[in-house]
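A short write-up of the structure that comes next.
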There are 2 protein chains.
Amino acid sequence: MTRAEHLKQLFSECGIAAALEVVGERWSFLILRGAFNRLQHFEEFQSTLGIARNILSNRLARLVEHGMLRREPDPADRRKVAYHLTEKGRELLPVLIALRQWGERWVSGVPSNAVLVDRYSRRPIAPMTVQAADGRPLSMDELEWIDRKEVGLKDAAA
Amino acid sequence: MTRAEHLKQLFSECGIAAALEVVGERWSFLILRGAFNRLQHFEEFQSTLGIARNILSNRLARLVEHGMLRREPDPADRRKVAYHLTEKGRELLPVLIALRQWGERWVSGVPSNAVLVDRYSRRPIAPMTVQAADGRPLSMDELEWIDRKEVGLKDAAA
DNA sequence: CTCGTATAGTTGCATAATGCAACTGGAAAA
DNA sequence: TTTTCCAGTTGCATTATGCAACTATACGAG
């Protein structure tokens, strides 16, 4: 099997590989983080992230192609172009939050000065956890892969 | 500001950038996914992922350096080396699950044949969501950045 | 003991991705 | 009408990745 076939196989079989096909390149996550933080314009992304202009250009185009961002020329000032998250893009939030929490805990060490809170209670959001259908938190060894056809047959089994 | 300084700044300020410093390179996520799926040996990772041997070698070394994997020579067969997830590595699980769920929903389209279930109930795990301290699910626009010092002062404010 | 094979890499070279600085083109602002 | 702003593009340098062949060590069979 060639490498291309191998990757195609991986992508079709595994959501992780499929996701990385869209957001796995360098800078993609950070550009999306910027978009979540309300950055809209090329120059904003460029100066905030310090990314090379040609790469930024390429990544924005790619993210637009993949339907993560919408490219919207500003009718009031035709020099300006705004990039906005689509629903597909917004749905990546859990990934970014989980990544951020992990990074703060295990890499940067200290939670940064800025804290993400629920707008209403103004209390920090909960740590991201894997949960069972009923909300119980699950650790790695409480998980198992099973075939789709066997789902939920524990009690229903003949 | 040079690019290096810029990145350093980013990493120190943002958990996402910090996390990507460790797991942001190509293949890192897929190698860790393999580790979660009980792959242990060089040849297993290589044949499962179809990754180039030199890159795999480099990534495994990097993940070991960063404390994601432990490299354990097999005492019974000294040719063999096993790579095992550390706690730091295992704690990345929410990120991988969130990424997988997103990829299945928005990229590969169809959930794959294999389903992750809670070992006990044998029902599929819940979708990953961002939650408030009390467990309420939160969407992007219910989130706000505030300064650490102001946390939870809504009712306590003088 | 020695020969074949398994395991975990390494090496050299080719291709692709990223980074940098300078430049372009169209539109607003002075 | 000249200057500045915005969103890119271009050419060239550096770095990362991919590929195939090779190495080194250790088992295992005979």
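Just so it is clear: chains get the letters A, B, ... in the order the sequence lines come, proteins before strands, and each one is counted from 1.
- Rounding to whole angstrom units, CD of residue B:Glu25 and C1' of D:dA16 are separated by 9 Å.
- Distance, A:Leu56 CG to C:dG19 P: 11 Å, rounded to whole Å.
- A donor-acceptor pair under 3.5 Å links the side-chain atoms of A:Gln101 to the main chain of A:Ala126, judged by distance alone.
- Look at CG on B:Leu39: it is 16 Å from C1' on C:dT7, rounded to the nearest Å.
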Q. What string of B, S and - do you get for nucleotides 6-13 of chain D, 5' to 3', when a contact is any protein heavy atom under 4.0 Å?
A. SBBBBB--

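- As rounded to whole Å, 16 Å separates atom C1' of C:dA8 from atom CG of B:Leu49.
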Q.
Pair B:Glu144, A:Arg122 - check salt bridge (charged side-chain N to carboxylate O under 4.0 Å, His left out), show working.
A. CA-CA 8 Å; B:Glu144 201 175 315; A:Arg122 307 196 76 70; 3.2 Å; yes

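- Dashed line: the shortest gap from a side-chain N or O of B:Arg59 to OP1 or OP2 of D:dT17 is under 4.0 Å.
- Salt-bridge annotation for A:Asp141 and B:Arg119: absent, with no side-chain N of the basic residue lying under 4.0 Å from a carboxylate O of the acidic one.
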May I have the list of side-chain donor-acceptor pairs in residues 73-85 of chain B shorter than 3.5 Å, sequence neighbours left out?
from	atom 1	to	atom 2	distance (Å)
B:Asp74	OD1	B:Ala76	N	2.7
B:Asp74	OD1	B:Asp77	N	3.4
B:Asp77	OD1	B:Arg79	N	3.0
B:Asp77	OD1	B:Arg79	NE	3.2
B:Asp77	OD2	B:Arg79	NH2	2.8
B:His84	ND1	B:Glu72	OE1	2.4
B:His84	NE2	B:Gln40	NE2	3.0

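- Taking atom CD1 on B:Ile51 and atom C1' on C:dA8, their separation rounds to 14 Å, with Å as the unit.
- If you measure from atom CD1 of B:Ile31 to atom P of C:dG9, you get 12 Å, rounded to the nearest angstrom.
- The separation between B:Ile55 atom CD1 and C:dA17 atom C1' is 12 Å, rounded to whole Å.
- When all heavy atoms of B:Arg105 and A:Glu91 are compared, the pair lying nearest together is NH1-OE1, 3.2 Å.
- Contact annotation: A:Trp27 reaches the phosphate of C:dG19 (side-chain N/O to OP1 or OP2, under 4.0 Å).
- Side-chain contact between A:Val130 and B:Met128 is present, with at least one heavy-atom pair separated by less than 4.5 Å.
- For the pair B:Arg78 CZ and C:dG9 P, the computed distance is 15 Å after rounding to whole Å.
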